[in-house]
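We use all heavy atoms of the structure for the numbers below, so side chains are in, but hydrogens, waters and symmetry mates are not.
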Amino acid sequence: SGWDKVIPSTMPSKDTDYYGYVSTIFDDGTYKFHILPAEKKNGNNLDPRAILLNVTKELTASDIWMTVPDNVTCTWNVTVKIPGEDDVIITYNDESYPVESIGPHAFEGKTTIQQITLPTSVKEIGNAAFKGCSGLMRVNNFNNITQINDSVFFNCTALYESSITLSENLTKIGRAAFTNCSSLDLNNFPTSLQAIGYQALANTQIKTITLASTITLGDEVFKGCKELKTVTFAEGYDKPLPKLTFWNCTALENITLRGDMQTIKERAFDGCTKLSTIILPEGFITIENSAFIGCTQLTNVTLPSTFVGI
């Protein structure tokens with residue numbers, strides 16, 4: 001949007017410049033790439049929103065990278081399709097096999113990948129399989145995955161709201177699985193989920209969560225989730241609230257605790273600057289050191305008769 005010149009329907013030949021405002025994905029039906037901001041054109045400052053696309057050669061479908069001025073890089077849209085039940089291409093000793101899992105570090109650091117399509121045969125993704133895939137925006141058929149291991153999408157900063165759908169049969173989200181997925185909002189945690197590991201959802205865009213009574217949380221699970229406003233623990237949730245669970249969740253306003261939860265660990269709500277009221281239900285026993293440090297608007301705290309101390 002906002003282009004100063006009309007982009008042609010086919011790619012231009014060499015030595016052609018185009019400049020205008022930041023757009024999303026340029027797609028002429030054959031080529032797809034992101035256009036990112038450039039600061040200068042011929043030594044002159046551009047509007048902060050301006051971009052510069054410089055085509056220095058006639059492009060073909062085999063091109064993967066092209067470099068534009070000021071170290072701005074445009075990349076082709078790379079889509080990876082994993083072979084599965086309907087299109088098996090993996091054979092061994094004349095036998096065909098569908099892919100049932102993706103191994104550890106399989107695509108780690110592949111920054112040009114923007115989309116992954118999984119077959120229904122894949123149920124598990126190994127540790128750090130897509131770690132650092134900073135261009136990855138969407139994973140199709142993810143709702144078949146029943147176990148997400150450690151660091152699977154660590155630093156996948158382009159994953160966005162609704163680009164991941166969790167399986168109704170999901171049992172585990174591993175340590176740092178979605179850490180620093182800074183554009184991702186997950187809000188459909190299934191009742192089958194049994195464990196969310198250390199920092200699994202830290203620094204994401206989660207806005208509201210309901211946690212089933214069966215879930216066990218690691219430390220710092222929602223650390224730095226600055227869009228998180230509402231948290232509800234289901235009836236029967238009887239585990240301690242781990243340390244630094246909601247550290248620096250600066251938008252957190254509402255949290256519903258249950259009487260089966262007996263302990264809040266140290267610094268669990270550290271820096272929750274909008275939290276104003278906390279009601280600890282009957283059955284609650286202890287609050288550990290600095291659990292509410294930095295909660296500058298916390299003015300109303302209701303303690304039950306079962307409360308022992310801090």
(Q) Measuring only between side-chain heavy atoms, which start at C-beta, is Phe292 closer than 4.5 Å to Asp270? (A) no
(Q) Could you go through Cys272 and Leu252, starting from their C-alpha distance and side-chain angles, then the distance that decides it, and tell me whether this counts as side chain to side chain contact (heavy atoms under 4.5 Å, CB included)? (A) CA-CA 6 Å; Cys272 295; Leu252 185 60; 4.1 Å; yes
Q. Does a side chain donor of either Ser134 or Thr157 reach within less than 3.5 Å of an acceptor in the other side chain?
A. no
Q) Are any of the side-chain heavy atoms of Ile116 and Leu136 separated by less than 4.5 Å? A) yes
Q | Cluster check Phe154, Met137: I/L/V/M/F/W/Y, side chain < 4.5 angstrom | A | no
Q) If you group Ile, Leu, Val, Met, Phe, Trp and Tyr whenever their side-chain heavy atoms sit less than 4.5 Å apart, what else falls in with Leu244? A) Trp247
Q: Kindly compute the distance separating CD1 (Ile164) from OG1 (Thr204), expressed to the nearest 0.5 Å.
A: 12.0 Å
**Q.** Any side-chain heavy-atom pair of Thr111 and Cys133 under 4.5 Å
**A.** no
Q) About how many Å separate CG of Asn143 and OG1 of Thr120, when rounded to the nearest 0.5 Å? A) 10.0 Å
Q) Does Asn127 use its side chain to pair, donor to acceptor, with the backbone of Asp150 at less than 3.5 Å? A) yes
Q: Give every residue pair that meets the salt bridge (Lys or Arg N to Asp or Glu O under 4.0 Å) criterion with at least one member in residues 117-131, sequence neighbours excluded.
A: none
Q: Please collect all salt bridge (Lys or Arg N to Asp or Glu O under 4.0 Å) contacts where either partner lies in residues 103-119, sequence neighbours excluded, each pair once.
A: none
**Q.** Ile125 CD1 to Thr146 OG1 distance, which is reported to the nearest 0.5 Å
**A.** 10.0 Å
Throw together a table of side-chain donor-acceptor distances under 3.5 angstrom for residues 296-305, partners on residues two or more places apart or in other chains.
from   : atom 1 : to     : atom 2 : distance (Å)
Gln297 : NE2    : Thr273 : O      : 3.3
Ser305 : OG     : Glu282 : OE1    : 2.7
Ser305 : OG     : Glu282 : OE2    : 3.4

Q.
Using the side-chain hydrogen bond (donor to acceptor under 3.5 Å, both in side chains) criterion, which residues pair with Glu266? Sequence neighbours excluded.
A. none
Q | For Ala234 against Ala212, the heavy-atom pair lying closest together | A | CB-CA, 3.9 Å
Q. Would you call Lys229-Glu253 a salt bridge at under 4.0 Å N-O?
A. no
Q: To the nearest 0.5 Å, tell me how far Ile264 CD1 sits from Phe269 CZ.
A: 5.0 Å
Q. Does the side chain to side chain contact (heavy atoms under 4.5 Å, CB included) test come out yes or no for Ile148 and Leu166, once each step is laid out?
A. CA-CA 10 Å; Ile148 306 170; Leu166 300 180; 4.1 Å; yes
Q) Between the side chain of Thr306 and the main-chain N/O of Gly283, is any donor-acceptor distance below 3.5 Å? A) yes
Q. Any side-chain heavy atom of Leu257 sitting closer than 4.5 Å to one from Tyr237?
A. no
**Q.** Ring centre gap for Phe153 and Phe142 strictly below 6.0 Å
**A.** yes
If you look only at distance, which donor and acceptor atoms sit under 3.5 Å apart when one is on a side chain in residues 215-228 and the other is two or more places apart or in another chain?
from   : atom 1 : to     : atom 2 : distance (Å)
Glu220 : OE1    : Gln199 : NE2    : 2.6
Glu220 : OE1    : Lys223 : NZ     : 3.2

Q | Residue pair Ile209 / Thr232, side-chain heavy-atom distance below 4.5 Å | A | no
Q) Heavy atoms, side chains only, cut-off 4.5 Å: are Phe246 and Val231 in contact? A) yes
Q) Can you name the residues that form a side-chain hydrogen bond (donor to acceptor under 3.5 Å, both in side chains) with Asn140, not counting sequence neighbours? A) Gln115, Thr117, Arg138
(Q) Quick check for you: to the nearest 0.5 Å, what is the distance between Ile255 atom CD1 and Thr230 atom OG1? (A) 10.0 Å
Q | Pairs meeting criterion salt bridge (Lys or Arg N to Asp or Glu O under 4.0 Å) with involvement of residues 176-203, two or more places apart | A | Asp185-Lys207
Q: Would you please say whether a donor-acceptor pair under 3.5 Å links the side chains of Gln262 and Asp260?
A: no
**Q.** All side-chain hydrogen bond (donor to acceptor under 3.5 Å, both in side chains) counterparts of Asn180, not counting sequence neighbours
**A.** Asn155, Asn203
Q) Going by heavy atoms in the side chains, are Leu159 and Ser183 under 4.5 Å from each other? A) no
Q: Each residue besides Tyr198 in its hydrophobic cluster should be listed here, by chain and number; the cluster joins Ile, Leu, Val, Met, Phe, Trp and Tyr at side-chain heavy-atom distances under 4.5 Å.
A: none
Q: Measure the CD1-CD1 distance between Ile173 and Ile196 for me, rounded to the nearest 0.5 Å.
A: 5.0 Å
Q: Mind listing the closest non-hydrogen atom pair of Ala129 and Ile102 along with its distance?
A: CB-CG2, 4.1 Å
Q) Does the pair Ile278 and Leu280 meet the rule for a side chain to side chain contact (heavy atoms under 4.5 Å, CB included), with working shown? A) CA-CA 6 Å; Ile278 190 81; Leu280 303 179; 4.0 Å; yes
(Q) Could you check whether any side-chain N or O of Asn141 sits under 3.5 Å from a backbone N or O of Leu118, counting only pairs where one atom can act as donor and the other as acceptor? (A) yes
**Q.** Other ILVMFWY residues reachable from Val308 by side-chain steps of under 4.5 Å
**A.** Ile285
Q) Does the side chain of Phe189 reach to within under 4.5 Å of the side chain of Thr210, using non-hydrogen atoms? A) no
Q: Quick one: do Thr171 and Ser192 satisfy side chain to side chain donor-acceptor pair (under 3.5 Å)? Show the steps, please.
A: CA-CA 6 Å; Thr171 59; Ser192 60; over 6 Å; no
Q.
Testing the basics here: between Lys239 and Ser213, what is the closest heavy-atom pair and its distance to 0.1 Å?
A. NZ-O, 2.5 Å
**Q.** Which atom of Ala251 lies closest to which atom of Lys274, heavy atoms considered
**A.** CA-CD, 4.1 Å
Q: Taking all non-hydrogen atoms of both residues into account, name the closest pair between Ile287 and Phe307 and its distance.
A: CG1-CE1, 3.7 Å
Q: Please identify each residue that fulfils salt bridge (charged side-chain N to carboxylate O under 4.0 Å, His left out) with Lys243, with sequence neighbours left out.
A: none
(Q) Testing the basics here: between Ser167 and Pro190, what is the closest heavy-atom pair and its distance to 0.1 Å? (A) O-CG, 3.2 Å
